[in-house]
Amino acid sequence: MKKLVLAIALAAALDGAIAADQGLLEASQAQQAPLLATLKELVLIESGSSDAAGLARMADYTERRLKELGAVVERKDGIVTARFQGKGKKKLMLIAHMDTVYQPGILATQPYREDGNRVYGPGIADDKSGIALILHTLEMVHKRGWRDYAQLTVIFNPDEEVGSRLSGDWIATQAAEHDFVFSCEPHGAKLDGILMSASGIATATMTVQGRASHAGVAPQTGRNSLIELSHQLLQTKDLEVPGAQLNWTRANAGLVTNQIPASATAMGDVRLSATDGIQRLQQALNEKIATPLVPETVTKVEIAAGRPPYLATDAGRAWAAKAQAIYGEIGRKLALYPGTGGGTDAGYASRSGKAVVLESFGLGGDGVHGRDEYITVDTVVPRLYLLSRMMQEAGASK
Ligand SMILES: [Zn+2]
């Protein structure tokens, strides 16, 4: 047996990879069945973003589980925040969300079911897999006596699928006080990887102030805000701003047909791929709107920030490379997804730029936000191993 272990270690060394932590790997294997049992319990609690009763049951469940693991738990605005005190120097944070995109009663038509390597259920991947992974990673590492962190914080929020309106600032301010944030959204079943970027979201509002007059008797004394709005939309529709994309999507003007409209408004969807995207877009818009078509009208544009973009920093990329090396220890390849159009709370976690933030430590799966959402069972052990080794490395880093 010893000879075999030595041979494996030697082979790994020759391969350029570090040998796996066998004890941790075995502990991960032992956690697979308990994790799947937890995941089933989580799926059976329906928790759509607008289902207050379901989300309260989810919060009760996760609070109880976190307390059993020894955490001090705080609940505010439906957000569950758990804190563990350790003996090390670094502050680590893990996040996952409790809400799903599904409506109450969904289990009747999309029940929990197991089928070989796949386990199906609404929200099972996105993001109940992240919650189960965090609970069982903590159980495993603490059982093994690992406490190499000053503080370990877990946040489970109830509103990720609706933009984290209540929890976003909380995640951002908490993350700013930590050294590392590992976000546990799922990754796609086709490619086992972690995510390097995700767009941020904002809303642009353009308002035009003109002057009302009788449309039939004295149109020339009015200042037509609808015509001016149309002009401004056309001249801002193809702005090329690095890190920001704007599409006008809604508009309204006027109250009645026999009056030159005094005011008009348009709203647009903004996607951000750079942290200064809003400022750059605002500047580009201001330059364009300075040239009116209808004299004596006043046009303004305001951009309201939603979820910030997530962009792995240089430090984040170095830690992603470490994650790849960790996967190499157990003979697996970890892909680095360049980006996604969907948002993530890793954006809020990165807002201050203080913590190293990485995304998609949850299980593999697919069909999220669709009809046949599932996780793949064979990602459970690798993902338990990956997250716990990342926490060990982060805790021990300088
Ligand atoms: Zn999610």
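All ligand and atom numbering here is 1-based and tracks the order in the structure. Not measured: the values here are computed from a predicted model.
- Considering just the N/O/S atoms of His97, the one nearest the Zn ion (ligand 1) carries the name NE2.
- Distance CE/Met206 to CG/Leu246: 8.0 Å, rounded to 0.5 Å.
- Of all the N, O or S atoms in Glu185, the one closest to the Zn ion (ligand 1) is OE1.
- Remark: Arg57 is not positioned above the aromatic ring of Tyr61, lacking an NZ or CZ atom under 6.0 angstrom from the ring centre and at most 45 degrees off the axis.
- The shortest side-chain heavy-atom distance between Glu139 and Leu69 falls under the 4.5 Å cut-off.
- Taking the Zn ion (ligand 1) as reference, the nearest N/O/S atom within Asp126 carries the name OD1.
- Taking backbone and side chain together, Asp127 holds no N, O or S atom under 2.8 Å from the Zn ion (ligand 1).
- Between His142 and Trp146, the ring planes are parallel. Angles under 30° get that label, and only those over 60° would be called perpendicular.
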